[in-house]
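Working notes, structure below.
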Amino acid sequence: MATMNMIQAINSAMDVMLSKDPDVVVFGEDVGYFGGVFRATAGLQQKHGLTRVFDTPICEAGIIATAIGMGVYGLRPVAEIQFADYILPAFDQLVSEASRLRYRSAGEFWAPITVRTPCGGGIFGGQTHSQSPESIFTHVSGLKTVMPSNPYDAKGLLIAAIEEDDPVIFLEPKRIYNGPFDGHHDRPLSSWSKFPQSEVPEGYYRIPLSQAAIVREGSAATILTYGTMVHVSLAAVAEAGLDVEVIDLRTLFPLDAETIEASVKKTGRCVVVHEASRTSGLGAELMALVQERCFHHLEAPIERVTGWDTPYPHAFEWNYFPGPDRVRAALARVMEG
Amino acid sequence: MATMNMIQAINSAMDVMLSKDPDVVVFGEDVGYFGGVFRATAGLQQKHGLTRVFDTPICEAGIIATAIGMGVYGLRPVAEIQFADYILPAFDQLVSEASRLRYRSAGEFWAPITVRTPCGGGIFGGQTHSQSPESIFTHVSGLKTVMPSNPYDAKGLLIAAIEEDDPVIFLEPKRIYNGPFDGHHDRPLSSWSKFPQSEVPEGYYRIPLSQAAIVREGSAATILTYGTMVHVSLAAVAEAGLDVEVIDLRTLFPLDAETIEASVKKTGRCVVVHEASRTSGLGAELMALVQERCFHHLEAPIERVTGWDTPYPHAFEWNYFPGPDRVRAALARVMEG
Amino acid sequence: MSKPGSGLSLHIPEPPARPGQPPDFSKLVIPKAGAQPRPPVDVPAAQLRDTPYDLIRVLDESGRAVGEWNPRLDAAVLRKGLRHMMLTRAFDERMLRAQRQGKTSFYIKSTGEEAVSVAQAYALDARDMLFPSYRQQGLLVARDWPIVDMMCQIYNNTGDRLKGRQLPIMYSVKDAGFFSISGNLGTQFPQAVGWAMASAYKHDTRIAAAWVGDGTTAEGDFHHALTFAAVYRAPVVLNVVNNQWAISSYQAFAGGDETTFAARALGYGLPGLRVDGNDFLAVYAATRWAAERARSNHGATLLELFTYRVAPHSTSDDPAKYRPENEAEKWPLGDPIERLKQHLIVAGEWSEERQVALEAEIDEQIRAAQREAEAKGTLGTPPASPRTMFEDVFKDMPWHLHKQRQEAGY
Amino acid sequence: MSKPGSGLSLHIPEPPARPGQPPDFSKLVIPKAGAQPRPPVDVPAAQLRDTPYDLIRVLDESGRAVGEWNPRLDAAVLRKGLRHMMLTRAFDERMLRAQRQGKTSFYIKSTGEEAVSVAQAYALDARDMLFPSYRQQGLLVARDWPIVDMMCQIYNNTGDRLKGRQLPIMYSVKDAGFFSISGNLGTQFPQAVGWAMASAYKHDTRIAAAWVGDGTTAEGDFHHALTFAAVYRAPVVLNVVNNQWAISSYQAFAGGDETTFAARALGYGLPGLRVDGNDFLAVYAATRWAAERARSNHGATLLELFTYRVAPHSTSDDPAKYRPENEAEKWPLGDPIERLKQHLIVAGEWSEERQVALEAEIDEQIRAAQREAEAKGTLGTPPASPRTMFEDVFKDMPWHLHKQRQEAGY
Ligand SMILES: Cc1ncc(C[n+]2csc(CCOP(=O)(O)OP(=O)(O)O)c2C)c(N)n1
Ligand SMILES: Cc1ncc(C[n+]2csc(CCOP(=O)(O)OP(=O)(O)O)c2C)c(N)n1
Ligand SMILES: [Mg+2]
Ligand SMILES: [Mg+2]
């Protein structure tokens, strides 16, 4: 056991896999000698060698296409996209190629690639360093999408993603790289070391994909959330003083529908919380899923707390970011309604 | 008045706007001399000149970027993407640029572009000539998404889209270019000329965006749909012999929430029908919207009839395509439930 | 459209001739066969700044093989090459007819471009990995992949290994080192570079080869492939098949009026060779050069195969709408099959009689294959149960697809 | 990493020197100033196949202006240019300090690259449209746009015309013909081509100019821009600012070890000029050549401005982690401000005294601007009500944004 923040846990996952499997290679913009703009690959090139951890041209589409080709050869590429905002130039290679290859070749070829990318706001990154694009990926057949909320999960899920034979988008909420963030930006920052989820085994372990975690048991209502918003939701629940069940989805597609269904059937009330913008966001799918499976158990309309349907405005970071107050207000509404 | 099929109506819309506004230009792969692989621009280069209607390199991202630059200069570009499946290479220019330009420049610059592209299946086009990507566009702040279901709407909506100062994705269900299709692929094809919506004015007229059309009034349940599925839904309703209200959304984002809300509050039952794949499809947003606004009026779980969460398999076209039987079954379920 | 004196004007390229006009290839410069120097395979790319503007040709007007690029292949190999090109063409003709008869939904011929795929397959090793576009069926034919298997895919019948999922001709043949064809143009180009980088990473000896058309060079993926290939010196042969047309768009819409496609290589510091794509020997020799260069760890080469798309783009296309009907006949570089046949005859290794006999033999082979394939059905004879359409989306089927399959009733 | 004899091996580029090692520019070939021929602006691109491998230089070691490319600018213009470069640098220094003081979240300096933006702004007409990256603040300075306005954007204060929406330095200045800077690298390059095509379509006389860095040339948008510019002969000047680094990535990761970035032009049949980016006169002359060529309807030119990124990539970066600390000092092409100053002094048009006086004057100007800007607040002083964050998503606010604004309570 060691104490790790999320960056260290992610770094450790790649280190473990590079040591375990000679077919694992890690690459992306500035990930080589420098170790990545968020230091996620720090020290890995020095330890594992120039051809196993290396820089790439600034060409996201080329990075993904290269990963696909390497995967077809038989390697297990782990590609970093420097910011999730910059994954869109690679959208065609991800959606039309990585996600479709196994199907169109009837299983002859596939793309066992993992695409790591930091997402989300709360760091004053402005419009193009703050976005949460996960929702569009959950609409793509053949792609798996993961977003951890703490160091322990991050390492176990990343190892599972790297070992996965299907393409995985691994989204890292950059706001919680160094410590959990409950949305109270005006309060002192807390570091991971004070939290049990920073207790991370040095070695190999997996957390299976498509399994949600109940991070707080409760009976009054269910919050479905993931990433940074897990911490915001927990804070809101504590402040509301309500016995709310909080579910960290961890894998966003394919979803863990059973855990979701069981919880909402138990509580009869549901709030969906994510930082991504609202319309056609993952929250919509969660609401659809819940009402399909729990319609007759619902005692109030499902509420969603999300980023607004605008770009992420630099100076209005905290007006955009869905903080605990908004979650609390939504909880109040579902409890009444 | 003239009798037009959908291709002729779309061609007429561009012809009218090219004649009306010298700043309108039309371009895309094979749209110039040849007139487009679906003939949507046939005759327009000959009539309006080489520099107003022209071919482009096979580079969707470049086509959109060029349109943005022209729009910034002051033109009104109408770009064709040959198949909606091939719009993904341009995804970054559409989402990060066209949709964000007005916001990030605080109104100094904007992209008054219209992107026409044929979508949907039912023509044995296989995986990469059959997709319906509209759902992901409805998640994009700053982008408007339109899909007509008949010639009259197609022309009026396309003219409105071209005159719009915001970027518009104009999706054309290619299966109904020549005639409406109710999903009964084993029956003889019907041509538009037999239907009133093929009565199209030769001149200029607009159908405002974000206004849905109630194509069949009813009280037993509400079907929310668009594009080809409007015709499939109408067939299913007729066959079910139920008094169902069928709403053609026409603009998919921003939605006409009022019309939707009023109908479901009246009927208390709702089925969402689209050809796009299910998870995180537009149907999810529609279900979320309806339960947010009509929760206490709903007498049964909202049902969705959609394409499966798989690619579009060539030989299994009719197993993938959501036909009238599936819509009828869903109607039966909402009537019971 | 230029208004003289009134400032700038927008240039829109136009082909030399449109329907109703006589074909015009007068702007086309065709150097003498044999005049092109053949550099050593390990020459630095910086010393190859003229090759993109030349045209490597081996077969002269009389059919003799001349010059440094003459690969001096055995007559036996050339006869096999002739056979594979003829087989490819006969296969195309048959499948076109099958499409017209409604036995399949779609077809794409490679007529006039057979030397590209067949000679290139010969110049590569059997274990090299191919990342083709949809117009290199000759690669499979040249690797002796069963025609029947290809037909079954085209028919989406019970013999279709791809379970009816793919559009006809979108083959995937792992056992022949032939990558799954994508409907999205150009995506395979940078993927091939990734595969080649992996091969180099593993100290393997296999190289990759990839193909795009002239029109597809405009896609970003073309640039991504060349950039990565140059930066990591990947062992890959990158081919641009310039057949002058991209559906209805003349190659100038990809930049062909401004310079050659081989010249794109210069911008990345890669060798760029421009080759007479209808000259079997030239195509073989240039590809061999690039393959040897790659295999000896000297990195990638860009080849422009200069040819002409004799056939319509596909069965959905009608070229009479945008180019002179008889343009193909006037193509100055002739027909690859005719030219190789001529060469063999001139060399005393072949005769008109043997040609006629071979044609008959091939015709019979194709008919037999077609009978065998059609015994397994044609379009409309489902390759399998619709249950299979929910498989292979993921390695293991997740709950939601189980549920949807159930809902579908399969 | 090659295992000899064991087959292929993967090449990964490395810079000549890393931290702890002495800077090494020995591979860099620097031709004599004045030795480069200046072709007429209407010369066919096909006759410009060597320019990408040369380096246009006007200022010699002693500071004299020599050769055909000498633009023979008035001393008054040069003094103005010196002033604008110094103003840009002083502005950068001030804003860096402001960021350190927490008055803004982020800053990007252009130290050492001032000649690129200032001289290029001079070579273009005032009404030409600029599509910059984030490192061409000198363009705005050279167009005499108020420094105060730039600072207000950086501070996101009540004077920020962009309503606090953009990251600092992501300016948008329509009135100065300066396009909204995007956070996504390279996207403006093909947009500039579209703007230029529109200008040509309207028989306008304005041209466009766009900038990307060496690293950004790897993006697809770079290729899209060059393809469209070549095909439609768009009146645009396409600039690659090769400052050797892309954050921590040496330019070889964009292909810089294999050839020059100017050579990319050859692949599209465009002229490619490689210019000493720290030589004000050379940058002016080459840009002027490209602008005249474009304006006279001869199409686009690709310019590689060869320079060095003296500053860290941004305030989030620490170059000491990946390159020798003193590499900047050893940059063989010197400092653009020093070199222009030397030239003016040698020409008897300037003196150390006047230089010192000018520095003081500029320092005061910047301080005054900063006082004025900070009177309108710094980061944390909202530029407007949060209500405004729901505006400009669309031209007219749709119902869902009204509703969300209400929900937000603004
Ligand atoms: C990304 C993408 N855009 C557009 C198309 C439609 N399309 C199919 S083939 C073709 C023309 C390709 O021409 P070229 O690259 O020259 O190859 P050729 O057909 O001549 O062999 C086009 C535009 C596509 N399949 N994929
Ligand atoms: C599409 C995209 N990918 C990655 C980034 C992150 N990023 C910002 S600047 C930069 C380096 C750019 O280097 P270069 O093009 O050489 O310009 P320079 O900073 O040297 O002026 C990177 C990778 C981005 N902003 N956009
Ligand atoms: Mg072609
Ligand atoms: Mg740089």
Side-chain angles (χ1 to χ4, degrees), chain B residues 25 27 29-39 42 45 49-63 82-83 85-86 88-90 92 123-130 277-279 305-320 322 325-326 329-330, chain C residues 1 9-15 18 105-106 156-157 160 162-168 170 182-187 213 215-221 246-250 253-255 313 316-317 321-322 379-384 386 388-393 398 400-401 404-405 407-408 410:
Chain B
V25 289
F27 51 90
E29 297 158 15
D30 302 296
V31 309
Y33 183 92
F34 182 56
V37 295
F38 289 102
R39 328 296 306 130
Q45 181 182 75
L50 202 59
T51 62
R52 298 199 64 196
V53 181
F54 53 87
D55 294 331
T56 62
I58 300 172
C59 178
E60 293 73 20
I63 291 168
Q82 200 163 80
F83 286 86
D85 312 72
Y86 306 135
L88 298 190
D92 188 55
I123 59 150
F124 276 90
Q127 298 182 34
T128 59
H129 303 87
S130 306
S277 62
R278 175 171 304 180
T279 303
V305 179
T306 68
W308 308 118
D309 286 336
T310 73
Y312 219 118
H314 183 254
F316 296 110
E317 179 103 347
W318 303 122
N319 306 90
Y320 184 95
D325 300 355
R326 285 176 55 199
Chain C
M1 299 299 294
S9 64
L10 182 59
H11 170 75
I12 307 289
E14 287 180 282
R18 287 295 193 186
S105 61
F106 179 79
N156 280 173
N157 66 15
D160 176 9
L162 304 187
K163 304 182 183 170
R165 293 189 191 139
Q166 274 282 45
L167 206 60
M170 297 287 184
S182 173
N184 298 56
L185 290 172
T187 50
T216 303
T217 60
E219 291 286 3
D221 281 326
I247 306 185
S248 77
S249 303
Y250 175 55
F253 281 97
H313 169 69
S316 318
D317 179 44
K321 285 211 171 69
Y322 52 80
L379 184 64
T381 318
T388 60
M389 72 183 262
F390 295 90
E391 297 164 3
D392 300 324
V393 178
H400 69 284
L401 288 173
Q404 290 180 23
R405 187 172 67 182
E407 189 181 328
Y410 310 129

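Just so it is clear: chains get the letters A, B, ... in the order the sequence lines come, proteins before strands, and each one is counted from 1.
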Closest non-hydrogen atom pair, B/Ala315 against C/Pro383: CB-CD, 4.0 Å

Apply side chain to side chain contact (heavy atoms under 4.5 Å, CB included) to residues C/Tyr250 and B/Asp55 and explain how you reach the verdict. CA-CA 9 Å; C/Tyr250 175 55; B/Asp55 294 331; over 6 Å; no

Given that the side chain runs from C-beta out, which part of C/Asp392 has a heavy atom under 4.5 Å from chain B: side chain, backbone, both or neither? neither

At their closest point, which heavy atom of C/Ser248 faces which heavy atom of B/Asp30, and how far apart are they? OG-OD1, 2.6 Å

Chain B shares the most heavy-atom pairs under 4.5 Å, among C/Glu219, C/Glu407, C/Arg165, with C/Glu219

Taking C/Met389, C/Lys321, C/Met170, C/His400 one by one, which has the highest count of heavy-atom pairs under 4.5 Å against chain B? C/Met389

Against chain C, label B/Glu60 side chain, backbone, both or neither, depending on which of its atoms sit under 4.5 Å from a heavy atom there. both

Non-hydrogen atoms of chain B under 4.5 Å away: do they reach the side chain of C/Ile12, the backbone, both or neither? both

To check you understand the geometry: which heavy-atom pair defines the closest contact between B/Phe54 and C/Leu10, and what is its length? CE2-CD2, 4.5 Å

Student check: side-chain heavy atoms of C/Phe106 and B/Phe124 closer than 4.5 Å: no

Contact origin within B/Tyr320 toward chain C - heavy atom pairs under 4.5 Å: both

Exercise: identify the closest heavy-atom pair between B/Ile58 and C/Gly215: CB-O, 3.5 Å

Worked verdict on C/Asn184 versus B/Tyr86 for side chain to side chain contact (heavy atoms under 4.5 Å, CB included): CA-CA 7 Å; C/Asn184 298 56; B/Tyr86 306 135; 3.7 Å; yes

B/Asp309 versus chain C, heavy atoms under 4.5 Å apart: side chain, backbone, both or neither? both

Is it the side chain or the backbone of B/Thr310 that comes within 4.5 Å of chain C heavy atoms, both, or neither? both

Checking heavy atoms, do the side chain of C/Leu185, its backbone, both or neither come under 4.5 Å from chain B? side chain

Contact origin within C/Thr388 toward chain B - heavy atom pairs under 4.5 Å: side chain

Can you tell me which portion of B/Gln82 sits under 4.5 Å from chain C's heavy atoms? Options are side chain, backbone, both or neither. side chain

Regarding C/Ser105 and B/His314, do their side chains bring together a donor and an acceptor under 3.5 Å, going by distance alone? yes

Shortest non-hydrogen pair, B/Phe316 vs C/Pro382, comes out as CE2-CB, 4.2 Å

Would the C/Tyr322 and B/Phe34 ring centres measure less than 6.0 Å apart? yes

